Amino acid sequence: MEEIRKLSELYGEEEGVIVEVDGGFGLKRRLACLGIRIGKKVRKVASEPFRGPIVVEVDGAQLALGRGVAEKILVKVGE
Amino acid sequence: MKIVLMGNPNVGKSVIFSRLTGTSVIASNYPGTTVEFLKGTMKLGKEKVEVFDAPGVYSLEPTSKAEEVAVKILEGGDLIINVVDATHLERNLYLTLQLLEKNIPIIVALNLWDESKHKGIEIDKEKLENLLGIPVVPTVAVTGEGIKELVSRIPEARAGNLKLTDDERWKKIGEIIKEIQKVSHRHHTFIETLGDASVKPLTGIPIALGILLLTF
């Protein structure tokens with residue numbers, strides 16, 4: 001079952017493919033430099049409590065993203 | 001002459017800086033240790049040259065104070081040593097391609113070379129040299145491996161004449177990576193397994209208690 005969810009709404013160590021970054025030009029470019037680009041595979045590693053950052057793995061590198069940023073990244077899961 | 005060390009955060013610029021100049025700067029294993037720039041001198045042949053250690057940047061469009069500093073230093077440089085993390089080549093090459101548009105001679109230090117081998121990443125460095133058109137030297141800054149070769153090849157540094165849009169840049173990086181990098185599967189090392197175990201509460205708390213007991 002395929003569905004599109006926000007990166008912040010992935011469960012456990014779910015994996016998905018980035019389909020959209022819903023942000024301004026600056027944010028898109030900044031995330032692109034960190035490896036968050038459309039078509040990339042991401043895996044959620046951890047989600048810190050109290051609306052803390054979300055840790056994801058892209059290209060073998062772990063990134064911590066603020067919750068607000070993670071909410072702007074749309075991911076296709078369940079292929 | 002002014003040499004500027006440029007690269008992404010946490011790739012080892014400061015360690016290379018220490019190796020080149022002989023001064024010790026604070027280097028630690030997390031991004032953003034260098035916020036202001038550092039200046040040192042080294043000998044290149046008979047000439048005394050200035051070396052600048054810039055804060056790490058992901059791109060040349062600054063998004064933070066530290067990145068602004070880096071971009072400003074770059075403007076005054078005569079030669080760039082682009083320090084690249086061999087284990088995350090893809091995202092490091094973005095800055096390299098941007099630097100190639102700057103009309104300043106560049107040499108690439110492919111740092112963390114040993115680490116990339118541990119991770120099962122194979123990089124064809126000759127091909128990378130050809131594709132980029134600038135010298136690429138594998139280095140291991142913490143042990144000093146490759147630093148001599150890096151210095152000896154500084155005269156070979158060349159300026160690029162690229163002009164790319166953002167999308168073209170990513171496409172080009174994709175092509176380069178496909179050509180030169182092979183990633184083979186590799187089992188986790190004992191240290192990594194231990195590292196993972198130590199951050200999970202179920203296994204981490206006993207490990208932490210064990211270490212605390214050992215220290216007393």
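Just so it is clear, the model here is predicted, and its values are computed rather than measured. Letters A, B, ... mirror the listed sequences (proteins, then strands); counts begin at 1.
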Flag if over 12 foreign heavy atoms under 6.0 Å of CG, L209(B): yes
Region of A32(A) that comes under 4.5 Å of a non-hydrogen atom in chain B: both
Sequence-distant partners of F50(A), side chain to side chain contact (heavy atoms under 4.5 Å, CB included), two or more places apart: none
Check chain A against chain B and list any donor-acceptor pairs under 3.5 Å.
unit_1 : atom_1 : unit_2 : atom_2 : d
R29(A) : NE     : E61(B) : OE1    : 3.4
R37(A) : NH2    : E90(B) : OE2    : 2.7
K40(A) : NZ     : E90(B) : OE1    : 3.2
K40(A) : NZ     : E90(B) : OE2    : 2.9

Pairing residues for R67(A) by the salt bridge (charged side-chain N to carboxylate O under 4.0 Å, His left out) criterion, not counting sequence neighbours: none
